[in-house]
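What follows is one structure encoded as structure tokens, with my remarks underneath.
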Amino acid sequence: MHEMSIAMAVVGQVEEAARAGGAHAVTSVRLQVGELAGVVPDALAFCFELACAGTVLDGAELITESVAARARCGTCPGTWAVGMPPELCCPGCGRATDVELLSGRELEILSVRWEDGPAGPRTREPIPEEA
Amino acid sequence: MCRVVDLRQAVLAKNDGAAQALRDELTARGTTVVNLLSSPGSGKTALLERELLLARERSVAVAALTADLATENDAVRLARSGVPVKQVLTDGLCHLEAGMLGRHLDGWLPEDTRLLFVENVGNLVCPAGYDLGESLRVVLASVTEGEDKPLKYPTAFGLAQLVVVTKTDIAQAVEFDEAAFRANVERVNPGVEIVMTSARKGEGLGLLLDRSLAAGAGTGTHTPVMARRQQATGHDHAPVHGHDHGHLHGHGHGHGADHESDHHHHHGPGHAHDHTPAPGADHGHDHGHDHDRDHEHPQVQPAAQTR
Ligand SMILES: Nc1nc2c(ncn2[C@@H]2O[C@H](COP(=O)(O)OP(=O)(O)O)[C@@H](O)[C@H]2O)c(=O)[nH]1
Ligand SMILES: [Mg+2]
């Protein structure tokens, strides 16, 4: 299951950005996952939680935006939904010499939500008994 | 203070960067990497055994690196050909990554290697997303696996530059429907070449070697639709600093055991064993050979279609 490697790569990149940006807690990560990226979102979510443990991303939410695969033929008008399993020959002319995949292979960190500023340790809800 | 920061970073940018750096470095010294992907048991090792032997007969300097979760069986089999072979044990990791490959080649890969075959971990899912710096990506499927596998593993078959069908000697017994298989491959990867082979009976022997040499010569490698650059998203992979593969310092034929440790690598440990033939053995690695020599051999014709 390579989702663990993917999750660790995401965490690594976000950690780097968070360090550079002076963040002390990452609360969510928005990820774009194409239909043809070869990644199972559920497996990724599971691995992401494990990979975040003990890092500045501890407890962060993973928001995945899936991207449908679409293609276009150089000689026929319009675009088509490639689907799963993918159909990469043009449904119009049946050829594929000039087919272009427009979307579907994305695997990208779009944005990160974090807390920065002077607060030192992570802020948490005060527990009444402690107060 | 809470803020949303745009990152727009490809998750595999680090691997892609390391792969490109490795490809540039190896290409510059005349080495072509061939990445072999298939399910476990498709016959990668069996076919490679024959192709390595053939390469040696033709005096083409080849080497092979084989990755498995456990055991050194494949390296032992491949090393019988007499060419430099290295086993990489991934200790649970389901695929190879470019940085790992680079580290394993460092200090092992003989300087004059023309072709390096990489037998990836047997798995049609995980290795598909990882560029290893190869110039030719080959996906193998045996006739026993069913004609629909290209549809079930579209990223693996969709990104292949050559599809090799193996074990054709038993195609009839398992009623392999070649036309259906070809149609399914065509659907996910239009235009990719499909060749028929049998390591057992020798059908299509030499095709893998020929296509690998052709890829090294830069002649007409297939670009799958799935691998063509997408314009729609319009942003580039952010440049990533610190590619983690070292520079390659091949020092010829490393004899004896060569254990390596990957413990600094967060993707888990992994070690390697060098199966270069023992000192004194005729390892037949022909230095200073005439690079044109293999063209004197008759080209293996694409296998005739069965029935
Ligand atoms: N009949 C037949 N069996 C083969 C052929 N190639 C490999 N095999 C068998 O398939 C099994 C798996 O082969 P192996 O090379 O280890 O596959 P790998 O896991 O992809 O490396 C072994 O039992 C081989 O003997 C072939 O061309 N014909
Ligand atoms: Mg094998």
Side-chain angles (χ1 to χ4, degrees), chain A residues 1-10 12-14 16-18 21 23 25-34 36-40 67 69-72 82 84-90 95-97 99-119, chain B residues 1-16 92-95 97 121 123-130 148-159 183-184 186-192 224-233 235 237-238 240-242 266-268:
Chain A
M1 191 172 69
H2 67 310
E3 278 78 4
M4 195 65 211
S5 298
I6 303 279
M8 286 166 85
V10 171
Q13 284 175 47
V14 172
E16 238 168 72
V26 174
T27 51
S28 69
V29 176
R30 187 173 286 274
L31 201 68
Q32 202 175 37
V33 181
L36 297 176
V39 170
V40 181
V67 184
R70 292 199 75 81
R72 164 173 76 195
V82 164
M84 185 56 77
E87 175 56 85
L88 291 170
C89 297
C90 173
R95 279 180 312 211
T97 38
V99 168
E100 190 191 353
L101 186 65
L102 299 170
S103 61
R105 293 273 302 148
E106 298 78 2
L107 185 55
E108 188 174 296
I109 306 168
L110 290 178
S111 62
V112 180
R113 180 188 289 272
W114 67 43
E115 282 170 32
D116 56 13
Chain B
M1 190 179 136
C2 189
R3 68 175 81 227
V4 175
V5 180
D6 268 353
L7 275 189
R8 293 237 153 225
Q9 276 181 23
V11 175
L12 293 174
K14 224 165 218 163
N15 184 74
D16 290 347
L93 190 66
C94 52
H95 61 274
E97 294 183 11
V121 182
N123 178 334
L124 275 178
V125 181
C126 310
Y130 292 86
D148 61 348
K149 288 305 172 289
L151 303 183
K152 289 184 177 170
Y153 300 98
T155 38
F157 284 92
L159 292 169
N184 289 337
E186 183 71 11
R187 174 170 168 173
V188 301
N189 192 347
V192 69
V225 172
M226 243 187 242
R228 285 175 207 159
R229 240 185 124 54
Q230 293 177 20
Q231 257 116 53
T233 44
H235 48 261
H237 288 181
V240 171
H241 301 289
H266 70 262
H267 284 309

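Worth knowing before you read on, the calculation uses all heavy atoms, side chains too, and leaves out hydrogens, waters and symmetry mates. Letters A, B, ... mirror the listed sequences (proteins, then strands); counts begin at 1.
Per-residue heavy-atom pair counts under 4.5 Å with chain A were compared for B:V188, B:N184, B:T155, B:V11, and the maximum is reached by B:V11. Ranked by heavy-atom pairs under 4.5 Å with chain B, the first of A:V29, A:L36, A:L31, A:V14 is A:L36.
With a 4.5 Å cut-off on non-hydrogen atoms, B:Y130 touches chain A through its side chain but not through its backbone. Contact of B:L124 with chain A is not made at all, since no heavy-atom distance falls under 4.5 Å. Contact of A:T97 with chain B is made through the backbone alone, with heavy-atom distances under 4.5 Å.
The CD atom of B:E97 lies 11.0 Å from the NZ atom of B:K14; values are rounded to the nearest 0.5 Å. Rounding to the nearest 0.5 Å places CD of A:E108 at 5.5 Å from CD of A:Q32.
With contacts defined as side-chain heavy-atom distances shorter than 4.5 Å, the pair B:N123/B:H95 does not qualify. Side-chain contact between B:N189 and A:L88 is absent, with no heavy-atom pair separated by less than 4.5 Å.
Put simply, the side chain of A:S111 never gets that close to the backbone of A:R30: no donor and acceptor are under 3.5 Å apart.
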